[in-house]
Amino acid sequence: MRVKYSYLEEQFTDYRTIFDRIAEVVRTGDFTLGSAVSRFEEEFAAKLGARFGIGVNSGTDALVLSLKAIGAGPGDEVITAANTFIATAGAIAATGARPVYCDVTDEFVIYPDMIASLITPKTRALVPVHYAGVPADMDRIMAIAEEHRLPVVEDACQAFLAEYKGKCCGTFGITGAFSLHPLKNLNVWGDAGIIVTDDENMADVLRRLRNHGLRNRDEVDFFGFNSRLDSVQAVVGSHLIETSDWITQTRIKWASRMDDALGQMDGDIMVPARRPHKRYVHHLYMVVARDRDELLEFLIENGVDAKIHYPIPLHLQRCSAHLGYQQGDFPITEQQAHSIITFPVHQHLDEEQIDYMIECVRRFYDR
Ligand SMILES: *Cc1c(COP(=O)(O)O)cnc(C)c1O
């Protein structure tokens with residue numbers, strides 16, 4: 001049996017419906033920041049319970065523009081998790097600020113107990129990442145932020161429709177950044193992203209920042225970027241958001257089936273704690289495994305596209321060399337880098353495939 005990681009070939013069999021909607025964009029020439037974009041922005045914000053959505057051209061830009069909007073720049077420090085996808089740190093660096101890494105919990109999200117010790121007079125913002133679709137510990141994080149008067153920019157690129165105490169990830173901080181990249185849970189046909197915020201002034205600044213700083217056709221308030229959400233991608237986003245509850249629920253269903261089975265393999269597999277006040281959307285279904293590298297090899301030999309997200313933490317990447325970190329600085333992150341494994345749990349798998357993956361893991365440890 002084959003269990004593929006990618007589902008992009010199965011996902012858009014109804015592409016003709018989307019083509020028809022795109023034809024309308026073409027017919028009206030409504031290509032830049034037109035009705036398709038504002039419609040998707042409204043739908044996305046409403047889905048999350050946020051006031052404003054600002055479409056941008058990637059999740060990375062959603063972070064860069066958010067950080068620019070709060071004034072992050074050279075001389076500043078921005079705290080984020082050491083295990084995240086490189087784009088989080090890249091966005092911080094793009095503003096000229098210095099990424100400051102923080103260790104993570106056994107749930108793969110930023111470790112609140114460590115954040116306060118990293119705050120200095122130069123700290124400009126906190127960027128918690130709802131990594132793998134696991135909600136970060138927002139009560140603690142927001143309390144620390146408030147105490148130190150720091151804005152929080154949430155990296156929710158992997159956490160569309162994840163919730164913390166019934167509130168959507170991305171709606172706690174001053175902004176929440178989302179990616180619509182083909183590999184994310186709400187995925188369009190190329191690069192795209194969106195920022196949500198409840199702050200009207202922030203929404204206003206972000207709308208100008210993504211469009212060269214233009215207030216209107218003739219007046220420029222500040223230097224900005226060309227980071228507009230493409231109309232064609234907005235159409236795809238609007239189409240997909242209609243099925244996003246099904247996508248999310250299916251992922252949760254498969255993850256919970258995996259949890260039940262793998263949770264019994266004590267000593268071999270460690271399923272992270274599942275806390276009742278969090279809604280996990282399993283962008284990456286990640287567990288800790290004994291003999292991880294051998295397990296990975298065994299799974300791949302048996303047709304299961306398991307993966308590692310990621311084998312090298314950010315503080316040990318060459319791009320971070322100038323930041324002066326060392327092996328041993330973030331023990332939990334480093335330990336996980338050697339032991340985590342990701343299984344596919346996407347919406348285009350069936351029960352047989354999930355059970356086959358479980359069976360493969362059993363067979364591996366029974367050898
Ligand atoms: C994907 C991702 C990003 C960047 O999104 P792009 O749309 O690819 O630019 C940022 N942070 C995290 C955690 C991501 O997973």
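As the structure is a computational prediction, the values presented were derived from the model and not from experiment. FYI, the numbering just counts along the sequence from 1. Both counts, for ligands and for their atoms, begin at 1 and track the order of listing.
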What about [X] and [Y], are their ring centers closer than 6.0 Å?
X	Y	result
H212	F225	no
F364	F298	yes
W254	F343	no
F330	Y111	no

Which ligand 1 atoms does [X] reach within 4.0 Å, using its non-hydrogen atoms?
X	result
T84	13 (C)
T88	11 (N), 13 (C)
A87	3 (C), 4 (C), 10 (C)
C157	2 (C), 3 (C), 10 (C), 11 (N), 12 (C), 14 (C)
S58	7 (O), 9 (O)

Worksheet entry | Sub-3.5 Å N/O-N/O distance, D191 and ligand 1 | no
Item to complete: Please determine if G59 has a nitrogen or oxygen closer than 3.5 Å to a nitrogen or oxygen of ligand 1.
Response: yes
Answer side chain, backbone, both or neither: which part of [X] comes under 4.0 Å from ligand 1, heavy atoms only.
X	value
V129	side chain
T60	both
L183	neither

Discussion item. To the nearest 0.5 Å, what is the distance between CZ on F44 and CG on L229?
Written reply: 10.5 Å
Worksheet item: What is the closest protein heavy atom to atom 11 (N) of ligand 1, and at what distance does it sit?
Response: D155 OD2, 2.7 Å
Practice prompt. Give the single entry among H130, Q158, K184 that approaches atom 1 (C) of ligand 1 most closely by any heavy atom.
Written response: K184
Worksheet entry | Proximity winner for atom 8 (O) of ligand 1, if only heavy atoms of A177, A62, S179 are counted | S179
Practice prompt. Assess K167 against F172: is NZ or CZ under 6.0 Å from the centre of the six-membered ring, and within 45 degrees of the ring's axis?
Written response: yes
Item to complete: Determine, for Y280 and R274, whether the Lys NZ or Arg CZ falls below 6.0 Å from the six-membered ring centre while staying within 45 degrees of the axis.
Response: yes
Practice prompt. Please indicate whether H338 has more than 12 foreign heavy atoms, meaning atoms of other residues, nucleotides or ligands, lying under 6.0 Å from its NE2.
Written response: no
Worksheet entry | Note: D268-R290 ion pair, threshold 4.0 Å (strictly below) | yes
